[in-house]
Amino acid sequence: MIMTFYNTDLQYRVTLDTDLNLFIVFDKKNTNNVATGVTIEQAVQELQKNI
């Protein structure tokens, strides 16, 4: 399942890797910009560090 979210600075897609129990967040404008986290919030914070 893929969900797309928006905040004031970033548009991103979220997937859940059930084997690793990690959320994977992709920058919608640049799919090479990817981050992971135990929570969606953590993954988004990591993604924002890469911008």
Side-chain angles (χ1 to χ4, degrees):
M1 179 164 94
I2 298 175
M3 302 181 335
T4 302
F5 294 91
Y6 304 92
N7 68 20
T8 57
D9 301 320
L10 183 65
Q11 294 182 9
Y12 54 93
R13 292 184 300 120
V14 177
T15 62
L16 174 62
D17 184 326
T18 55
D19 292 331
L20 299 174
N21 288 327
L22 286 175
F23 288 97
I24 306 168
V25 179
F26 299 88
D27 184 338
K28 191 163 184 195
K29 294 180 182 177
N30 179 3
T31 56
N32 293 323
N33 190 12
V34 178
T36 61
V38 177
T39 66
I40 293 173
E41 293 83 3
Q42 181 185 37
V44 170
Q45 288 174 353
E46 291 298 317
L47 185 68
Q48 289 177 321
K49 290 179 185 177
N50 297 333
I51 295 176

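Not measured: the values here are computed from a predicted model. Keep in mind that the numbers below use all heavy atoms, side chains included, and drop hydrogens, waters and symmetry copies.
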N/O donor-acceptor pairs under 3.5 Å from side chains in residues 36-46, not counting sequence neighbours:
residue: Thr39; atom: OG1; partner: Gln42; partner atom: N; Å: 3.0
residue: Gln42; atom: OE1; partner: Val38; partner atom: N; Å: 2.6
residue: Glu46; atom: OE2; partner: Lys49; partner atom: NZ; Å: 3.0

Review point. Where is the tightest heavy-atom contact between Asn50 and Ala35, given as atom of each residue plus distance?
Key: ND2-CB, 4.4 Å

Review point. How far does CG of Leu22 sit from CG of Leu16, to the nearest 0.5 angstrom?
Key: 8.5 Å

Review point. What residues form a side-chain contact (heavy atoms from CB on, under 4.5 Å) with Asp17, not counting sequence neighbours?
Key: Asp19, Leu20, Ile24

Point to revise | By side-chain contact (heavy atoms from CB on, under 4.5 Å) - contacts of Asn30 (at least two apart) | key: Asp27, Asn32, Asn33

Point to revise | Heavy-atom closest contact (Phe26 atom, Thr31 atom, distance) | key: CD2-O, 4.1 Å

